[in-house]
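Below: the structure, in structure tokens.
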Amino acid sequence: QVQLVESGGGLVQAGGSLRLSCAASGRTFSTSAMGWFRQAPGKEREFVATISWNGVNTYYADSVKGRFTISRDNAKRTGYLQMDGLKAEDTAVYYCAARNTGGAGTRSSTYDYWGQGTQVTVSS
């Protein structure tokens, strides 16, 4: 069992940066793949980034590639999403997720555990 708590969201101007954190409890975090997803008002939840259990493999949505960086520190049981060059269209509630398999994955339906979400608002 893994419980996830996101933090680090807020209001930022376009072009600015934010770093989201995802604190995990539970012994299985270090063997679980992690993902970040987001949901804007009136839209479906979409994939943002994912990282394998050992941090070796990462994948990004085309819309954030080159601007966002996913990472993790298994010793601290924490995952991160560094967001640079933020745009107004990045405004959404951001969720971290973990799944019982170690390989990175882009489909939200394959994730077993979810955080409560953190709001990111980018003003233009």
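Computed from a predicted model, the values in this text were never measured in an experiment.
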Considering residues, nucleotides and ligands other than Glu44, do more than 12 of their heavy atoms fall under 6.0 Å from its CD?
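It does not: Glu44 CD has 12 such atoms or fewer within range.
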Not counting sequence neighbours, which residues clear side-chain contact (heavy atoms from CB on, under 4.5 Å) with Ser25? List them please.
Gln3
Heavy-atom pair of closest approach, residues [X] and [Y]:
X      : Y      : value
Thr91  : Val122 : OG1-N, 2.9 Å
Gly105 : Thr50  : N-OG1, 3.1 Å
Ala40  : Ala92  : N-CB, 3.8 Å
Asn54  : Ser52  : OD1-OG, 2.9 Å

If I take atom CG from residue Leu86 and atom OG from residue Ser124, how far apart are they, to the nearest 0.5 angstrom?
12.5 Å
Can you tell me how far SG of Cys22 sits from CZ of Arg72, rounded to the nearest 0.5 angstrom?
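Between atom CZ of Arg72 and atom SG of Cys22 there are 9.5 Å.
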Under the criterion side chain to side chain donor-acceptor pair (under 3.5 Å), I'd like the reasoning laid out for Asp84 against Ser17: C-alpha separation, chi angles, the key distance, then a yes or no.
CA-CA 4 Å; Asp84 299 317; Ser17 299; 2.7 Å; yes
Hey, mind stepping through Val120 and Leu18 against side chain to side chain contact (heavy atoms under 4.5 Å, CB included) and telling me if it holds?
CA-CA 9 Å; Val120 171; Leu18 282 175; 3.9 Å; yes
Just grab all the ring pair (Phe, Tyr, Trp, His ring centres under 6.0 Å) pairs involving residues 50-88, residues at least two apart or on different chains.
none
Could you note down all residue pairs passing ring pair (Phe, Tyr, Trp, His ring centres under 6.0 Å) where residues 4-45 supplies at least one of them, sequence neighbours left out?
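Those involving residues 4-45 are Phe37-Phe47, Phe37-Tyr111, Phe37-Trp114.
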Would you check if the side chain of [X] reaches a backbone N or O of [Y] as a donor-acceptor pair within less than 3.5 Å?
X      : Y      : value
Asn74  : Arg77  : no
Arg19  : Gln82  : no
Glu6   : Gly117 : yes
Thr118 : Ser7   : no
Thr78  : Lys76  : yes

Shared hydrophobic cluster for Ile51 and Leu4 (ILVMFWY, side-chain gaps under 4.5 Å):
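Different clusters: Ile51 never reaches Leu4 through Ile, Leu, Val, Met, Phe, Trp or Tyr contacts under 4.5 Å.
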Would you tabulate the side-chain donor-acceptor contacts of residues 93-104 under 3.5 Å, counting partners in other chains and residues two or more places apart, or write 'none'?
from, atom 1, to, atom 2, distance (Å)
Tyr94, OH, Arg38, NH1, 2.9
Tyr94, OH, Asp90, O, 2.6
Arg99, NE, Thr101, OG1, 3.1
Arg99, NE, Gly103, O, 3.1
Arg99, NH1, Thr110, OG1, 2.8
Arg99, NH2, Gly103, O, 2.6
Arg99, NH2, Ala104, O, 3.2
Asn100, OD1, Tyr113, OH, 3.1
Asn100, ND2, Asp112, OD2, 3.4

How would you list, by chain and number, every residue that makes a salt bridge (Lys or Arg N to Asp or Glu O under 4.0 Å) with Lys43, sequence neighbours excluded?
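Residues passing salt bridge (Lys or Arg N to Asp or Glu O under 4.0 Å) with Lys43: none at all.
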Any residue meeting side-chain hydrogen bond (donor to acceptor under 3.5 Å, both in side chains) with Thr121, in chain and number order, not counting sequence neighbours
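Expected list: Gln119.
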